[in-house]
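Here's the structure, in structure tokens; my notes come after.
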Amino acid sequence: MRVNKGWLLGLILVLTGSMLSGCLAGEENPASDSGLEEKVVVYSPHGKDILSEFEKQFEKKYPGVDVQWLDIGSQEILDRIRSEKANPQADVWWGAPSVMFEQARTEGLLEPYEPSYKDSLPEEFRAEDFSWTGTSQTPEVIMYNSKLLSKEEAPKDWDDLLDPKWKDKIIIRYPLASGTMRTIYSAMIYRTYKDTRDPKEGYEWLRKLDANTKEYSANPEIMYSKVAKGEGLLTVWNMPDTVMLKETKGYPFDFVIPESGTPVLTEGIALVKGSKHPKAAQAFYEFVNSTEAMKLLAEKYYRIPTRTDVTDLPDWITETEIKTMEIDWKLLEEKSDEWMKYWDENIKNRAKETTE
């Protein structure tokens, strides 16, 4: 009998496709089995070390769920989530000062979520409606190159940074993109604003700091590298990162907690409203805030947990004395953008422009 070869080839392809479909249908889909979506997208300023580690751990616990993360500055995250409001690309926002999460909450960008550990989280470390919760406390410090400066030589307080002897010795992370730097700069303005209701004295302080600043680095890694190499002797940054870089990477860093007090910001986490992978997002949220994760973050990455039920914390957390600067965080939320815009347009690099 004569057979139409084209028809036979088509039949083989159909049968092969059916067999493959059957095989695939019979295979387990771990993501489906766990009830989670196939991926979760995380925006975070925490850096590749922390993000890579938790990506691996989460994917090990939930096989079939792909963790995708974008490591950018806190302000960049807020701006990006704003621009993506109509079509959210992120599921989880992990890391930024609480004032930024409050801004996002008032703009309707966050999805309220009460975590399983809510009873171990003091009220000051969360939004009233749980649209964000605090993950860690972050004291701000003066960080310096310990090979080139002794502790006795390093500045002892914020105002010491204005001494002309530090001219071109200070490297600073570009403030507008950084939640840490926006907090520090806003706190410097707030010190006098709280009594005068005028930012003028604070602006003058930032103008004097600008005169001593050699460079504004585009990202933290550039800042770390330049201070480590001695291209600058010191900066202002947060205590956990300073200790982590010293202990885990061998950077010649040490820090001074300013004598007059320092802002201690609350780092947070939130779910993005309208995200595409809400179940996987909730699982990731719970995972990185478990007591086990909090202990790991404290011991390996030098984060101070906000949860009250995390025990056996490292000595550097339990023994370090920190004088907390009293700050009206609500006011900083309202004024920070205005103050930073003024700095960007009227102060940044102006000292260099007048001397060139």
Side-chain angles (χ1 to χ4, degrees), residues 47 49 136-175 178 180-188 191 202 204-265 298-304 313-325 349 351-352 355:
D49 291 342
S136 61
Q137 295 176 271
T138 307
E140 313 303 348
V141 298
I142 298 169
M143 185 179 91
Y144 63 93
N145 184 314
S146 55
K147 279 189 176 180
L148 301 177
L149 281 180
S150 67
K151 204 167 190 72
E152 291 70 33
E153 294 172 319
K156 302 296 185 292
D157 211 342
W158 299 112
D159 290 344
D160 295 340
L161 295 168
L162 307 185
D163 191 314
K165 71 179 180 180
W166 301 121
K167 184 175 177 61
D168 290 333
K169 302 292 193 300
I170 301 175
I171 305 288
I172 287 179
R173 161 71 162 117
Y174 179 57
S178 166
T180 293
M181 289 309 309
R182 290 171 72 99
T183 298
I184 292 173
Y185 274 27
S186 294
M188 294 303 100
R191 291 189 304 168
E204 184 58 30
W205 192 95
L206 292 179
R207 192 170 282 110
K208 292 177 181 178
L209 181 65
D210 177 75
N212 282 349
T213 300
K214 182 178 182 180
E215 177 184 311
Y216 295 102
S217 299
N219 60 58
E221 285 68 29
I222 294 174
M223 180 187 74
Y224 302 152
S225 176
K226 288 183 178 292
V227 175
K229 291 176 181 176
E231 294 181 33
L233 297 182
L234 51 93
T235 187
V236 289
W237 198 237
N238 66 69
M239 186 175 78
D241 281 357
T242 304
V243 179
M244 179 182 72
L245 292 163
K246 175 184 177 181
E247 298 293 334
T248 65
K249 296 184 181 292
Y251 282 22
F253 292 164
D254 207 341
F255 66 89
V256 173
I257 299 174
E259 293 174 347
S260 62
T262 190
V264 180
L265 62 82
E299 292 169 355
K300 188 173 181 178
Y301 297 106
Y302 302 89
R303 287 337 197 239
I304 304 173
L313 292 170
D315 291 343
W316 75 269
I317 292 178
T318 57
E319 296 177 3
T320 300
E321 293 186 11
I322 300 169
K323 183 177 180 180
T324 302
M325 183 185 293
N349 290 327
K352 294 180 177 61
T355 57

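Numbers for residues simply follow the sequence, beginning at 1. Scope of the values below: all heavy atoms of this structure, side chains included, with no hydrogens, waters or symmetry mates.
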Worksheet entry | Donor-acceptor contact present, side-chain N145 to main-chain L233, <3.5 Å | no

Worksheet item: What pair of heavy atoms forms the shortest contact from W158 to G261, and how long is it?
Response: NE1-O, 2.9 Å

Practice prompt. Drop me the distance from R173's CZ to E221's CD, to the nearest 0.5 angstrom.
Written response: 8.5 Å

Worksheet item: Which atoms form the tightest heavy-atom contact between G232 and I171, and what is the distance?
Response: CA-CG1, 3.6 Å

Worksheet item: Are K169 and L148 side-chain neighbours, meaning at least one heavy-atom pair lies under 4.5 Å?
Response: no

Response to the item:
All heavy atoms of A228 vs all of P252, minimum pair found to be O-CG, 3.9 Å

Worksheet item: Can you list the residues that meet the side-chain contact (heavy atoms from CB on, under 4.5 Å) rule with K229, with sequence neighbours excluded?
Response: S225, E231

Item to complete: Without swapping roles, check the side chain of N212 against the backbone of L161 for a donor-acceptor pair under 3.5 Å.
Response: yes

Worksheet item: What do you reckon, is NZ of K249 surrounded by more than 12 foreign heavy atoms closer than 6.0 Å?
Response: no

Fill in: Contact check, side chains of Y224 and W237, non-hydrogen atoms, under 4.5 Å
yes

Fill in: T324 side, atom OG1; L265 side, atom CG - distance, nearest 0.5 Å
11.0 Å

Fill in: Heavy-atom check, side chain of I257 versus side chain of K323, under 4.5 Å
no

Discussion item. Between Y174 and M223, is the side chain to side chain contact (heavy atoms under 4.5 Å, CB included) condition met? List the steps.
Written reply: CA-CA 9 Å; Y174 179 57; M223 180 187 74; over 6 Å; no

Discussion item. Determine whether a donor-acceptor pair (N or O, by modelled atom type, separation under 3.5 Å) exists between the side chain of R303 and the backbone of Q137.
Written reply: no

Fill in: Between CD1 on residue I184 and OG1 on residue T262, distance to nearest 0.5 Å
7.0 Å

Practice prompt. Could you tell me the separation between the CG atom of L209 and the OH atom of Y185, rounded to the nearest 0.5 Å?
Written response: 4.5 Å

Fill in: Close side-chain approach of T183 to N238, heavy-atom, < 4.5 Å
no

Fill in: Whether D160 side chain and D157 backbone form a donor-acceptor pair below 3.5 Å
yes

Worksheet item: Given the rule in the side chain to side chain contact (heavy atoms under 4.5 Å, CB included) test, do V227 and L234 qualify, once you have shown the distances and angles that lead to the verdict?
Response: CA-CA 6 Å; V227 175; L234 51 93; 5.9 Å; no

Discussion item. Could you walk me through whether Y216 and M181 satisfy the side chain to side chain contact (heavy atoms under 4.5 Å, CB included) test, starting with their C-alpha distance in whole Å, then the side-chain angles of each, then the deciding distance to 0.1 Å, before giving a yes or no?
Written reply: CA-CA 11 Å; Y216 295 102; M181 289 309 309; over 6 Å; no

Worksheet item: Do the non-hydrogen side-chain atoms of V236 and E140 ever get within less than 4.5 Å of each other?
Response: no

Discussion item. Using the salt bridge (charged side-chain N to carboxylate O under 4.0 Å, His left out) criterion, which residues pair with K156? Sequence neighbours excluded.
Written reply: none

Worksheet entry | Minimum side-chain heavy-atom gap T248-Y301 below 4.5 Å | no

Worksheet item: Just by distance, do the side chain of K167 and the backbone of A211 share a donor-acceptor pair under 3.5 Å?
Response: yes

Discussion item. Closer than 3.5 angstrom, by distance alone: can the side chain of T318 be matched with the main-chain N or O of D315 as a donor-acceptor pair?
Written reply: yes

Discussion item. Less than 4.5 Å apart, side chain to side chain, heavy atoms only: is that true for P155 and D163?
Written reply: no

Fill in: Separation between OG1 of T242 and CE of M239, rounded to the nearest 0.5 Å
8.5 Å

Item to complete: Write down the atom of A298, the atom of P314, and the distance for their closest heavy-atom approach.
Response: O-CG, 3.9 Å

Worksheet item: Is there side-chain contact between D241 and Y302, with heavy atoms separated by less than 4.5 Å?
Response: no

Worksheet item: Counting N and O atoms only, with roles assigned by atom type, does the side chain of T235 sit under 3.5 Å from a partner on the main chain of M143, one being a donor and the other an acceptor?
Response: no

Discussion item. Just verifying a value: how many Å separate E215 CD and I172 CD1, rounded to the nearest 0.5 Å?
Written reply: 11.0 Å

